[in-house]
Amino acid sequence: MTTDIAAGIGGDNRLHAMDALRGGALLLGVAFHATLSFMEPPFWVVGDNSTSPVMNAVYFVLHIFRMTLFFLIAGFFGRMLLHRRGTPGFVRDRAKRILAPLLIFWPVVMVMTVIAIIWADAQAGKTSPPAAMTLRTFPLTHLWFLYYLLLLYVGALALRGIAAVVDRTGAGRARIVDPLVRGIVRADLTPLVLGAPLCLTLILKSGWALWFGVPAAENGLLPNAGALVAYATAFGFGWLLQRQSDLLRLWERRWRRYLVAAVVLTGAALWLAGTAASFDTARSQGAKVGYAIVYVLAIWAWTMGIVGLAVRYLSVYRAPVRYVADASYWIYISHLPVVMLLQAAFMRVPLPWLVKYVLILAIAFPVLLLSYRYLVRYTFLGSLLNGRRLRRQARPTVEAALATE
């Protein structure tokens, strides 16, 4: 039988870990985008005069697991929310928390991003011509994740509707789906089973730039196959994993071995692809297949290891962690123009790349946190993003915390 949702809400402190982890995945996006101006060879719209292969490695590692981890957790909480509020309540909540922020913040982010690009171009003495917008090139910017979430929610509701018709009592899911998921997790087959669809998609993709792994999803209202398969697989498994959240204990016990495997596999991927950011394709089909296997296994080794580590050490409620997790949504939505403006401000300053990278983060995070505290948390924006917050609030229970999901 599926895990009792009420029991999970009342006593499952692992939900604190998953919530903190979701916030952490979003905050890593700030560090991820801050690397772009320091990578070599330059390819970002803001190119610094000091670059380093270390920034390439940081970008490479974060790109492997960051969004897969996020979508796994999104699927986990998505199913929980649906069971708490029912389909009508779920649709209303996702329209408020996901669709409305996309429609409200995308124009603001675009204007600020264009300003940052113009400033960076002026610093570099060049001009970036505007790109034509089509369904395939529409600039979703870093808010693409909201668009993909909406697509995945629609898909999940459609599949759930079909399942309700085919398996009205849920007995089939309990007898077939749940044991299958349990078997995959217990036998450590998660990377193989979940990685196979993405691996095949990448192998079949013509012109696949190996170094950049899962293809970027920033542009286009027509999702690219690689990104859609990668994140739909993670989302769907997170959805199924929530039916049996005790399985997270297995990842908790095995987190060390997963992270060791992740480091080894990432090292192998970097050795195969090189440390320079490159849009080159594989020299042979065999090399392409080998790299795809190594890269996809690394994705899931990182994901399982980080989830297990979080369940081990972040399952107890901590007010600062909860606060930062609340702030992470706003920080991620608003960070890119801030980071780009700081990159443009520092791009010609005669300082080493490491100093400038640290300064960008040291300025961006406090500015974004302060903006959350004074402009968002207790305003209609905070209510839109995270639910209403009271200025004096007792320690929230897991149930109260999830009421804002």
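Here, residue 1 is the first one in the sequence, and each next residue gets the next number.
L36 and Q343 make their closest contact through N-NE2, 4.2 Å (heavy atoms, listed as atom of the first residue, atom of the second, distance). Heavy atoms only, all atoms of each residue included: F90 and Y153 are closest at CZ-CD2, 3.5 Å. Counting all heavy atoms, side chain and backbone alike, Y329 lies closest to L146 at OH-CD2, 3.3 Å. Looking at every heavy atom in both residues, F43 comes nearest to A277 through CE2-CB, 4.1 Å. The heavy-atom pair separating K205 from P215 by the smallest distance is CE-CG, 3.8 Å. The minimum heavy-atom distance linking G305 with W255 is given by the pair O-CB, 3.5 Å.
Under a 3.5 Å cut-off, the side chain of Y148 and the backbone N or O of A232 do not form any donor-acceptor pair. One N or O on the side chain of K288 and one on the backbone of I203 form a donor-acceptor pair closer than 3.5 Å. A donor-acceptor pair is defined here as one N or O able to donate and one able to accept, closer than 3.5 Å; such a pair exists between the side chain of D167 and the backbone of G172. Distance alone, capped at 3.5 Å, places no donor-acceptor pair between the T51 side chain and the F38 backbone. Between the side chain of D48 and the backbone N or O of S37 there is no donor-acceptor pair closer than 3.5 Å. The closest donor-acceptor contact from the side chain of R22 to the backbone of A74 lies at 3.5 Å or more, if one exists at all. Remark: side-chain polar atoms of K96 are not paired, donor with acceptor, to backbone N or O of L384 under 3.5 angstrom. With hydrogens and angles ignored, the 3.5 Å screen pairs a side-chain donor or acceptor of N224 with a backbone N or O of A216. Of the possible donor and acceptor atoms, one in the side chain of Y291 sits under 3.5 Å from a partner among the backbone N and O of L210. The main-chain N or O of A325 is found under 3.5 Å from a side-chain atom of S328 such that the two form a donor-acceptor pair.
H63 has its ring centre no less than 6.0 Å from the ring centre of F212. Here F71 and F145 keep their ring centres 6.0 angstrom or further from each other. Less than 6.0 angstrom separates the ring centroid of Y231 from the ring centroid of W144. When ring centroids are compared, W208 and Y295 stay outside the 6.0 Å threshold.
The shortest distance between side-chain heavy atoms of V214 and I299 falls below 4.5 Å. Between W106 and V111 there is no side-chain heavy-atom pair separated by less than 4.5 Å. Here the side chains of L359 and L351 are in contact, with some heavy-atom distance below 4.5 Å. Between P101 and I333, some side-chain heavy-atom pair lies under the 4.5 Å cut-off. With contacts defined as side-chain heavy-atom distances shorter than 4.5 Å, the pair L270/F60 qualifies. Taking the side chain as every heavy atom from C-beta outward, W251 and L241 approach each other to under 4.5 Å. The closest side-chain heavy-atom distance from M80 to L15 is below 4.5 Å. Two residues are said to be in side-chain contact when any heavy atoms from C-beta on lie closer than 4.5 Å; V263 and L259 fail this criterion.
Note that CG of L62 is 7.0 Å distant from OG1 of T35, once rounded to the nearest 0.5 Å. Between the CE atom in M55 and the CD atom in E40 there is a gap of 11.0 Å [rounded to 0.5 Å]. Separating the OG1 atom in T190 from the CG atom in L297 is a distance of 11.5 Å, to the nearest 0.5 Å. To the nearest 0.5 Å, atoms CD1 (I104) and CG (L143) are separated by 11.5 Å. Put simply, CD1 on I98 and CG on L149 are 5.0 Å apart, with the number rounded to the nearest 0.5 Å. Atom CG of residue L314 and atom CG of residue L309 lie 7.0 Å apart, to the nearest 0.5 angstrom.
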*How far apart are the C-alpha atoms of V114 and I118, what are their side-chain angles, what is the distance that settles it, and do they pass the side chain to side chain contact (heavy atoms under 4.5 Å, CB included) test?*
CA-CA 6 Å; V114 169; I118 291 172; 3.8 Å; yes
_Stepwise salt bridge (charged side-chain N to carboxylate O under 4.0 Å, His left out) check, R173 with D178_ = CA-CA 6 Å; R173 279 163 280 180; D178 291 343; over 6 Å; no
*Output, in order, the C-alpha distance, side-chain angles, deciding distance and verdict of ring pair (Phe, Tyr, Trp, His ring centres under 6.0 Å) for W353 and F346.*
CA-CA 10 Å; W353 62 269; F346 282 110; over 10 Å; no
*Intermediate values then yes/no, ring pair (Phe, Tyr, Trp, His ring centres under 6.0 Å), F70 and F235*: CA-CA 8 Å; F70 172 82; F235 181 93; 9.6 Å; no
_What verdict does the side chain to side chain contact (heavy atoms under 4.5 Å, CB included) test give for F237 and V185, after you've listed the backbone C-alpha separation in whole Å, the side-chain angles of each residue and the deciding distance to 0.1 Å?_
CA-CA 11 Å; F237 195 70; V185 174; 3.7 Å; yes
*Should L99 and R94 be marked as a side chain to side chain contact (heavy atoms under 4.5 Å, CB included) after you check the CA-CA gap, both sets of side-chain angles, and the distance that decides it?*
CA-CA 7 Å; L99 178 59; R94 296 298 84 184; over 6 Å; no
_Let's go through L381 and L375 carefully: what are the C-alpha distance in whole Å and the side-chain angles of both, what is the deciding distance for side chain to side chain contact (heavy atoms under 4.5 Å, CB included) to 0.1 Å, and is it a yes or a no?_
CA-CA 8 Å; L381 289 176; L375 302 177; 5.9 Å; no
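Ion pairing between a basic and an acidic side chain is recognised when a charged N comes within 4.0 Å of a carboxylate O; R249 and D246 show no such pairing. Remark: R322 engages D326 in a salt bridge, criterion side-chain N to carboxylate O under 4.0 Å.
S278 and D280 share a donor-acceptor pair across their side chains, judged by distance under 3.5 Å alone. Side chains of H335 and H33: a donor on one and an acceptor on the other come within 3.5 Å. T266 and W302 share a side-chain donor-acceptor pair at under 3.5 Å. Side-chain atoms of W330 and S371 form a donor-acceptor pair, as typed in the model, at a separation below 3.5 Å.
Atom CZ of R318 has more than 12 heavy atoms from other residues, nucleotides or ligands within 6.0 Å.
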